[in-house]
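The next block holds one structure in the form of structure tokens; read it before the comments.
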There are 2 protein chains.
Amino acid sequence: MELPEKAKQRLHKALEVNGLRSTRQREHVLAVLLAQRDHPTAEEVYERAKSSMASISLATVYNCLETLVGCGLVRAVNFERGSNHYCPNLAEHAHFHCKDTGRVYDIDLPEGLLDSVKKVLPEGFQAEGVEVAFQGHRAKEILS
Amino acid sequence: MELPEKAKQRLHKALEVNGLRSTRQREHVLAVLLAQRDHPTAEEVYERAKSSMASISLATVYNCLETLVGCGLVRAVNFERGSNHYCPNLAEHAHFHCKDTGRVYDIDLPEGLLDSVKKVLPEGFQAEGVEVAFQGHRAKEILS
DNA sequence: GTGAATGCAAAACCTTTGCAACTGG
DNA sequence: CCAGTTGCAAAGGTTTTGCATTCAC
């Protein structure tokens, strides 16, 4: 579980910009997210993080995730008030929530689609972001 | 706080279809939602409901809201794991979450936009629904 | 050295549940 | 009647907080 150099530099820069410190835990939590991009919950990140950093605490995982979200390196996605799921994919994309398994999938969006969606906003609404979230089922023959 | 006849019939039909009973509380909770379409939380619905039905309980409000959502008469919307907000608008629309006030607004969508958004789904993903949720700020001059 | 971040346990928040009493069909 | 629903209080799942300790700069 090693954070790639590129990601490490991006993290350090983002932390610096926000006046925050680089810590082993923050690096490690980001590494966990990047290693397996299956939108884990905080609890799942904690379980994975512990395997190579035994002393990390659940509260710290929550803190680190919030920090990463605040720095714009990670997105938090939530369905029906279940646990948050964390996504380090910085490209514009949507999410699909499988009601059978609870899993969350990234859905690529055509270039410019979100911009055209944002055009529906009436005057006076200034969007910082828009989340497009599908919920449904994956076809049985594709379920792994 | 009176449930309009049309809504009452729709409710009774939806409950019947689902094998559920009509109760004063279910009617009242729907009436509260329709009276002021500002996407109240369960707690807010409870406060409003109490003013004309003193004996209703918070648990019953939660139950009724879940029933209404289950019947398709109401949508639950959620931002950043805060309380759910409840919306009786059955037309296709998006939501806008104001980060300053926490308020939720309905955003009309052009006919067919959601269908075209659903077309981005790869094979194997079968969407039952899609939620388009903006977050941002309302322009100051419009803030009420 | 010093303020920020961590780790722990306890608290907080929102929602659901168990169960006795009630009620709609 | 009697299964479904309510109302209450207690429990549940997820996240946040207070505070002493440790660490990054």
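A quick note: this is a predicted structure, and the numbers were derived from the prediction, not measured. Each chain gets a letter, A, B and so on, in the order its sequence line appears, and its residues count up from 1.
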Qualifying salt bridge (charged side-chain N to carboxylate O under 4.0 Å, His left out) pairs with a residue from residues 34-44 of chain B, counting only residues at least two apart or across chains: B:D38-B:R48
Indicate, with a heavy-atom threshold strictly under 4.0 Å, whether B:S55 touches base, sugar-phosphate, or nothing. sugar-phosphate
For the CD atom on B:E47, are there more than 12 heavy atoms of other groups (residues, nucleotides or ligands in this structure) within a distance under 6.0 Å? yes
Round to the nearest Å and state the distance from A:H28 atom NE2 to C:dT6 atom P. 13 Å
Pairs in or reaching into residues 46-77 of chain B: which pass ring pair (Phe, Tyr, Trp, His ring centres under 6.0 Å), with residues at least two apart or in two chains? none
Protein heavy-atom contacts under 4.0 Å, written 5' to 3' over nucleotides 10-24 of chain D as B (base), S (sugar-phosphate only) or - (none), form the string ----SBBB------B
At 10 degrees resolution, what angle do the end axes of the helix from C:dG1-D:dC25 to C:dG25-D:dC1 form when each is taken over five base pairs? 40°
Rounded to the nearest 0.5 Å, what's the gap from SG on A:C71 to CG on A:L11? Could you check? 7.5 Å
Considering only distance and modelled atom types, tabulate donor-acceptor pairs under 3.5 Å from the side chains of residues 125-134 of chain A, sequence neighbours left out.
unit_1, atom_1, unit_2, atom_2, d
A:E128, OE1, B:K99, NZ, 2.7
A:E128, OE2, B:H137, NE2, 2.9
A:E131, OE1, A:R75, NH2, 2.6
A:E131, OE2, A:H95, ND1, 2.9

Is there a donor-acceptor pair under 3.5 Å between the side chain of B:N18 and the backbone N or O of B:L20? no
Enumerate the ring pair (Phe, Tyr, Trp, His ring centres under 6.0 Å) contacts for residues 5-27 of chain B, please, sequence neighbours excluded, ordered by first and then second residue. none
Less than 4.0 angstrom between a side-chain N/O of A:S57 and OP1 or OP2 of C:dG7, yes or no? yes
